[in-house]
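Here the structure is a predicted model, which is why all the values come from computation and not from measurement. Only this structure's heavy atoms are used, side chains among them; waters, hydrogens and symmetry mates stay out.
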Amino acid sequence: MGTGVAVVARAAGALVVNKLFATYAPAGGLTLLAQFQNLMALLTALPNDGVHVGVVKYLAPLRPGSPRYRLWLGAAAVLNLAALVAGGAVLAARGLPGWNAGSLAALLIGIAMLTGQTLLGAALLAAGRLRAYIGLSVLVAGLGTGAVAGALWQGWQLNSVLLAYLLAQGLTLLPALGLAARAGLLRHLRLAAPVSRAALRGLGQFLLMAVSTLLFGKAVDFVLRGYLLQTYGPSRTDLWQAVAKLSDNYTMVFAAVMSSVFYPRLAALAGQPRAARAYLRGVLGLLAPVLAVGLGLIFACRNWLLPLLFAPQLLGAREFLAPQLLGDWAKFLSWVFIFQLTARARTGPYIAVQAASAAVFAALLALALPRFGLAGAVLAHAGRYGLLLLGCGVYYYRNEE
């Protein structure tokens with residue numbers, strides 16, 4: 001129930017932000033929001049998808065404040081700092097169109113604050129401080145949404161609205177520090193403490209998996225969105241983006257539930273292959289029909305759902321919805337297989353799957369976009385995850401049974 005509160009708060013915040021941009025921002029505003037959020041994800045992918053996943057795994061059995069606890073937390077902070085420096089260097093070298101040096105500095109400060117907050121949130125989650133973790137999730141959603149509403153109401157330029165959105169979320173670092181200190185997670189920490197090589201290696205496995213997600217997932221999405229903007233223009237791309245945003249919202253809910261319910265249980269069964277296989281099959285048997293019904297309801301309600309969640313002028317996005325939903329059904333089921341690679345820290349196979357999936361997606365885009373136009377993007381999405389699900393199923397039943 002607590003996880004549900006956090007998920008609902010994040011989903012509601014995302015829906016309101018999307019609605020605000022779709023209604024009050026100029027044409028292309030929704031796509032610009034998605035591109036900025038994608039940039040945020042690129043800059044925080046290594047900490048969030050790598051280091052913090054490992055932090056939850058390795059800190060959970062340790063007593064807060066103990067020597068080993070401090071070693072793992074210190075290693076996580078060092079890796080996060082290195083990732084932020086690397087991301088900042090790339091951003092400074094390439095720049096962003098329409099962004100000056102001051103705006104880029106504010107962007108990096110916001111990313112650093114948000115990364116610090118998520119590290120402390122991961123430590124709270126590992127320590128079982130669910131109320132504090134849920135409170136932070138609700139606060140992040142509330143502050144981000146409030147900042148967007150206020151900035152758009154004041155008539156700020158879109159770049160300033162996006163910065164306000166990021167910095168407002170970054171400010172949650174302050175209450176996160178207070179909650180972590182109250183929980184005793186920061187006891188005996190010293191800035192000059194030695195860094196454990198063993199801890200760096202342990203977290204490095206998860207960091208490598210996050211690198212593959214960054215290169216073969218978020219970076220691909222960022223490049224694709226930029227290409228669609230240049231090729232089809234802001235207004236037309238907003239139609240595709242509305243469908244992608246709708247997908248992002250229910251994907252966030254699915255990922256949060258799976259990460260908090262399915263992944264910990266699967267990780268606990270890593271040493272019991274037969275029980276893990278039975279659990280995985282049971283989850284697949286439950287999810288396949290439930291997801292089909294849920295996504296089918298979204299399709300059935302498309303004529304009033306799209307204008308409600310976004311804006312009336314984006315009703316034309318319904319032409320892209322069916323392939324997107326089919327691809328998402330296959331994506332969610334393929335994630336069930338991929339989660340076991342994470343739970344067992346199978347870094348090599350995980351990276352291979354991500355690379356192959358991205359390569360197939362690129363090939364499908366090259367074939368579909370010239371022939372079908374903007375609809376080719378969602379058709380390639382459906383083809384990519386259909387093939388991934390098929391490949392995961394064949395591999396699993398050949399090698400695990």
Side-chain angles (χ1 to χ4, degrees), residues 2-3 5-7 9-10 40-41 43-84 110-141 143 169-207 209-210 255-261 263-265 267-268 342-343 345:
T3 301
V5 171
V7 170
R10 291 173 58 194
M40 290 172 57
L43 294 172
T44 59
L46 298 184
N48 292 346
D49 298 335
V51 176
H52 299 166
V53 175
V55 162
V56 173
K57 175 181 176 65
Y58 291 117
L59 290 189
L62 302 179
R63 178 174 56 85
S66 65
R68 288 189 63 200
Y69 186 96
R70 296 198 303 271
L71 288 177
W72 283 106
L73 196 58
V78 168
L79 289 174
N80 278 354
L81 180 60
L84 289 172
I111 291 294
M113 294 170 65
L114 193 58
T115 301
Q117 181 265 326
T118 53
L119 173 59
L120 294 174
L124 288 167
L125 184 61
R129 303 284 180 163
L130 292 181
R131 289 186 179 180
Y133 177 80
I134 293 163
L136 280 178
S137 297
V138 173
L139 188 59
V140 168
L143 287 179
Q169 294 182 74
L171 287 175
T172 54
L173 173 62
L174 300 177
L177 284 168
L179 291 169
R182 181 180 298 179
L185 307 184
L186 307 181
R187 286 180 299 182
H188 312 303
L189 288 179
R190 293 180 291 110
L191 290 177
V195 179
S196 167
R197 292 185 178 180
L200 289 176
R201 286 194 299 270
L203 293 175
Q205 295 183 63
F206 293 89
L207 194 62
M209 289 189 277
V257 173
M258 294 296 283
S259 297
S260 59
V261 178
Y263 172 67
R265 177 62 176 161
T342 306

Throw together a table of side-chain donor-acceptor distances under 3.5 angstrom for residues 177-187, partners on residues two or more places apart or in other chains.
from: Arg187; atom 1: NE; to: Gly184; atom 2: O; distance (Å): 3.1
from: Arg187; atom 1: NH2; to: Pro64; atom 2: O; distance (Å): 2.7

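- Identified under the side-chain hydrogen bond (donor to acceptor under 3.5 Å, both in side chains) test for residues 125-140, with sequence neighbours left out: none.
- To the nearest 0.5 angstrom, Leu46 atom CG is 9.0 Å from Leu84 atom CG.
- Among residue pairs with one or both ends in residues 69-83, those qualifying as side-chain hydrogen bond (donor to acceptor under 3.5 Å, both in side chains) are His52-Asn80; sequence neighbours excluded.
- The nearest pair of heavy atoms linking Thr44 to Pro47 is O-CD, 3.2 Å.
- The minimum heavy-atom distance linking Leu203 with Gly54 is given by the pair CD2-C, 3.6 Å.
- Checked against side chain to side chain contact (heavy atoms under 4.5 Å, CB included), Val195 has the following partners two or more places apart in sequence or in another chain: Val78, Leu200.
- Ala198 pairs by the side chain to side chain contact (heavy atoms under 4.5 Å, CB included) definition with Ser196, Arg201, not counting sequence neighbours.
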Please list every donor-acceptor pair under 3.5 Å in which a side-chain atom of residues 111-126 meets a protein atom from a residue at least two apart or in another chain.
from: Thr115; atom 1: OG1; to: Ile111; atom 2: O; distance (Å): 2.8
from: Thr118; atom 1: OG1; to: Asn48; atom 2: OD1; distance (Å): 3.1
from: Thr118; atom 1: OG1; to: Leu114; atom 2: O; distance (Å): 3.2
from: Thr118; atom 1: OG1; to: Thr115; atom 2: O; distance (Å): 2.8

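- When every heavy atom of Ala9 is checked against every heavy atom of Ala141, the shortest pair comes out as O-CB, 3.3 Å.
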